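Please read the structure below before turning to the comments.
The model shown is predicted, which means the values in this text are computed figures rather than measured ones. So you know, we letter chains A, B, ... as the sequences are listed, proteins then strands, and number each from 1.
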Amino acid sequence: MLGLEERVLVVAAFLVLAGLLFVSTASAPVSARLYGDPWAMLRRQAVAVGLGLLALLLFWRVDYHRWAEVDDILLGGAWLLTALTLVPPLSAGARWLGRGPLVFQPSELGKIALLLYLSGSLLRREGLLHLPKHGLLPHLFVLGLFAVILLLQPDFGMLAVYACLTVFLLWAGGVPARHLLLTGLASLPLGAVLLLSARYRLERFLAFLNPEAYRHTLAYQLYQAVIAIGSGGILGRGLGASRAKLFYLPSAHNDFVFAVVAEEIGFLGVSLLMALYAALVVFGFQTARRAPDKLGALYAMGASFLLGLQTVLNLGVVVGVLPVTGLTLPFLSYGGTSVVVSLGLVGLILGVARAARVSPGVWVMPEV
Amino acid sequence: MEPVVKRGFWGFFLLALAGLAILARLFQLQVVEHEKWLGLAQRIQEDRVELPSQRGTIYDRNGAPLAYDVPAYSIALDNYHVTRPELLVELLVRELGLSREEAKSKVYRTGYFTWLARNVDLDKAKRFQALAKAQGIQGLLFFPTWKRAYPHGNLAIEVLGLVDIDGNGISGLELVFDEILRGKPKVWRIVRAADGSPYEVVEEEPGAPGKDLRLTLDHRLQWLCEEELEETLRTTPADRGCAVVLNPKTGEVLALAQAPRWSRENPDVALLKPWAVTDVFEPGSTFKALVALAAWDLGLVSETELFEASSPRIVAGVAIKNANNKSYPPLNLRDALAQSVNTVLVQVAQRVGAPKLHEYLTRMGFGRPTGIELPGEVAGILRPPEKWTEVDLAVSSFGQSVGVTAIQLAAAYAALSNDGLWVRPRLLFGPPEARETIAKPSSCQKIREFLEYAVNTGTGTPARVPGFKVGGKSGTAQIALPGQGYVPGHVTTAMGAFFPWDSPRYTIVVIYQTSKTDDFWSGTTAVPSVGRIVRAMAAMGLVYPAENTALGRSG
């Protein structure tokens, strides 16, 4: 039986290779149109994967306790970068920052920073978490800081990811459940207000509820995605044979890449793909169980939860059971920051797994 | 287990539930509803283009092509991608002969596809394409297609039939043998990107050219029959005429002609109906030969017996007269046929009796379709004998109270020519299909001998062609219109003939009809037409005289 690190690495390697494969097929038409070269986007993605491997190595090889020492600085830096997307001369489209080939999405980086910070902070306040002043409120405040920017960008989907991650970590970290439930109840009207405040958000929601009626307008993308998925059948049209990517399906190479994948490899193929994602999350959870300490457990759980969460949210949107938001699918979507951060999260799991191997925690249960 | 992990497990549990829900949804879309979405995808993303294959050629019996496909182009426009529409309008008007309004309405409309012109001749289309290219006009689509060509104009067009603009047979043999002639179209599947640009073109079916047809028609004989009919229509009050020439031994139809003719200048679709197989008329005195055949075959008459012919016959209180109420001295059967004497043939029919006569006429092919390969053939009218009255039996002897088609009459005369063997008339080559024996060979020979006498000395003399031993029987009959009975001015004239009479190789039936005058006789229409057709066949070298004709020495 392979060790934990090897298992995580093997699964991640498969996902990265699948990602490169499907970026190459899904982005070819749009790449040819934008850059005059069907492989241009693949090359960019390959560079991002290279950077992602560096991030993976960094989180794997550096003792993860170091991150707890700097997590406030990382968080501050990530927030600042995210905030800069609101400054017109620096931003490159609402969610991106930078110029030329160096455009990235700071809110992706913020996911890792938030995970590190919340985990560290929960430990630092251990024993006091039952007090709202120490448990709920400071962390809610941090979420709020990001939420403001994400709403202004606007990136409702990313906000949902941040919120779910925060709730998950607070709950796992020991913040009383009733605090979280009360917060949840209190935020319901807030959510309704947000939904109604932006016309596009409301319309998207209506289109989500009744896609047939909006299939030529607001639900067009969803409708095309469902056609692509459904036409794939059990075995798929075959690699590279997607029709949806011929500009029928908007964002076929990034947010909606899964529809192209489902069209090309069919139900059997995507079942296998989902099994890979599930395996990555399960191995991450196993890592948390064997983590030498609470910080490692929170890191490993947070990282694997984040990967699983974003996968589920993206797939939910693409198959039409969640309203449309602009979330990438880890490893498979075209997009540099996403793949770098996804590999960074894998690196974080590996870092904890490495520590578990080197110095097993005293409370580790023998594996059954 | 660390409580952190224990609590965190519930988060993963929720993720797993969500994952299963997504998997279930994927199963629904990809397995349960796959067909629906695939169909929808095809409707949105794919086009199927069918390119017709070359249609089979129709040849006459000697291999002369009567109808064949030549390459052409159909030109369409993608209105979304058209450039320089104002120049295109000019070009359409000048090169393809569209009117300005028509051209404008085709060019200035929204859509991906508008036909500009169908089945344009190759050189015309190529010139148009070159000019459009030179003027920077884009968005034109050229589809290779086929166009039917008729090297002999409208020759036999009623038999051949027409094809529509899409290459489907719509009448005649083109309709009946459409499946064989059309072959299989070439099918292209075009996968389009969302902007309409073709992304992938797959040949789904290679297609196959249609098979050729070889007809039994002789295009020279067909031509001269058509000419003869048209000439008679010009010079007599005839409204219409038809002619059938058969090989009596094989049933092969050598000519099946009619007039007036359908043509591009006179595109009346009613003229495309081959009325020799679709229309019924009373055969008149041409029937006398067949009634005489039945009587002779039954041994009810002899060569020497004399029949009383001086006065009208009273049958069930009805006086049946000779033509012009003429009175004759007692006549034998041969002379009665030659002079076409009604009152004699009435006596002959009465001797045969309704059941036997009906039996003979049925064997001769009346009252049922002959089975010729043309659409719309009718059975004619031959009522069951128990419904015949005394009068019906009497008048049937000169072709009243029965309804026949020209092809039925021709087939019956062909059986008479073929020593009693009835063979299905056919337009496609194949082994002869004998159906009935209508009479003993000796009976047929005797009646043919009588009919040769009729042509040489009797009513049939205008059909006489020295050396060719033509035999036949003519007839002139009033036309009964539905609900009105016999109407003055409506007349059918007919001639059933064969030659050489002792061993006939050709059977000819010619029919004319008028609605203008009662002064309309077979002796000036159908009978001389038969003679002229035989002479023309000889002049064309299709036939040679059966016996030497002594012109005598002069001086």
Side-chain angles (χ1 to χ4, degrees), chain A residues 29 122 164 167-169 171-174 177 223-224 226-234 236 241 243-244 246-249 262-263 266-267 270-271 274 277-278 281-282 284-285 288-289 291 293-294 297-298 300-302 304-305 308-309 311-313 315-316 318-321 361 363-365, chain B residues 1-48 78 80-81 110 112 188-204:
Chain A
L122 286 166
C164 288
V167 170
F168 172 74
L169 284 176
W171 153 255
Y223 194 64
Q224 292 293 334
V226 168
I227 287 177
I229 295 168
S231 62
I234 295 177
R243 303 276 174 75
L246 303 174
F247 312 106
Y248 290 102
L249 176 64
E263 187 186 8
F267 182 70
V270 292
S271 300
M274 287 184 69
Y277 280 107
V281 175
V282 165
F285 183 69
R289 277 175 56 191
D293 52 19
K294 195 173 171 182
L298 280 173
M301 275 201 306
S304 45
F305 182 79
L309 175 70
T311 303
V312 162
L313 288 181
L315 297 195
V318 174
V319 302
V321 297
W363 43 269
V364 166
M365 306 281 283
Chain B
M1 197 191 291
E2 171 77 4
V4 176
V5 181
K6 233 181 213 169
R7 285 194 297 265
F9 170 78
W10 292 107
F12 290 96
F13 180 72
L14 290 179
L15 284 186
L17 285 186
L20 286 177
I22 288 164
L23 205 61
R25 169 75 167 160
L26 286 170
F27 185 82
Q28 178 202 357
L29 292 177
Q30 299 200 281
V31 181
V32 180
E33 298 176 356
H34 169 60
E35 297 294 324
K36 169 187 165 190
W37 299 113
L38 187 65
L40 213 52
Q42 275 166 354
R43 256 194 16 231
I44 297 173
Q45 299 155 356
E46 292 180 8
D47 276 345
R48 281 164 61 91
D78 178 347
Y80 282 129
H81 294 97
T110 50
Y112 282 112
W188 296 92
R189 195 161 49 90
I190 301 177
V191 178
R192 293 190 188 282
D195 62 0
S197 56
Y199 174 75
E200 194 186 355
V201 179
V202 189
E203 190 184 285
E204 214 163 52

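- Ring geometry, B:Phe12 versus A:Phe285: the interplanar angle falls from 30° to 60°, so the pair is classed tilted.
- Within the 4.5 angstrom heavy-atom criterion, atoms from both the backbone and the side chain of A:Val312 approach chain B.
- Contact of A:Met274 with chain B is made through the side chain alone, with heavy-atom distances under 4.5 Å.
- Atom CG of residue A:Leu246 and atom CZ of residue B:Arg192 lie 12.0 Å apart, to the nearest 0.5 angstrom.
- In this structure the side chain of B:Leu40 reaches within 4.5 angstrom of the side chain of A:Tyr223, judged on heavy atoms.
- Neither the backbone nor the side chain of B:Gln42 has a heavy atom closer than 4.5 Å to any heavy atom of chain A.
- Separating the CG atom in A:Leu169 from the CZ atom in B:Arg7 is a distance of 11.5 Å, to the nearest 0.5 Å.
- In this structure, the separation between SG on A:Cys164 and CZ on A:Phe305 is 6.0 Å, given to the nearest 0.5 Å.
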Can you list, pair by pair, the side-chain donor-acceptor contacts under 3.5 Å of residues 16-31 of chain B, counting residues two or more places apart and other chains?
| unit_1 | atom_1 | unit_2 | atom_2 | d |
| --- | --- | --- | --- | --- |
| B:Arg25 | NE | A:Val319 | O | 2.6 |
| B:Arg25 | NH1 | B:Gln28 | OE1 | 3.2 |
| B:Arg25 | NH2 | A:Val319 | O | 3.1 |
| B:Gln28 | NE2 | B:Glu33 | OE2 | 2.9 |
| B:Gln30 | OE1 | A:Phe267 | N | 3.3 |
| B:Gln30 | NE2 | A:Ile229 | O | 3.0 |
| B:Gln30 | NE2 | A:Ala262 | O | 3.1 |

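- Contacts of B:Ile44 with chain A are made by both backbone and side-chain atoms, with heavy-atom separations under 4.5 Å.
- Chain B forms the most heavy-atom pairs under 4.5 Å with one residue out of A:Gly266, A:Ala278, A:Ser271, and that residue is A:Gly266.
- For A:Thr311, no part lies under 4.5 angstrom from a heavy atom of chain B.
- Looking at A:Phe168, the atoms closer than 4.5 Å to chain B (heavy atoms on both sides) all sit in the side chain, from C-beta outward.
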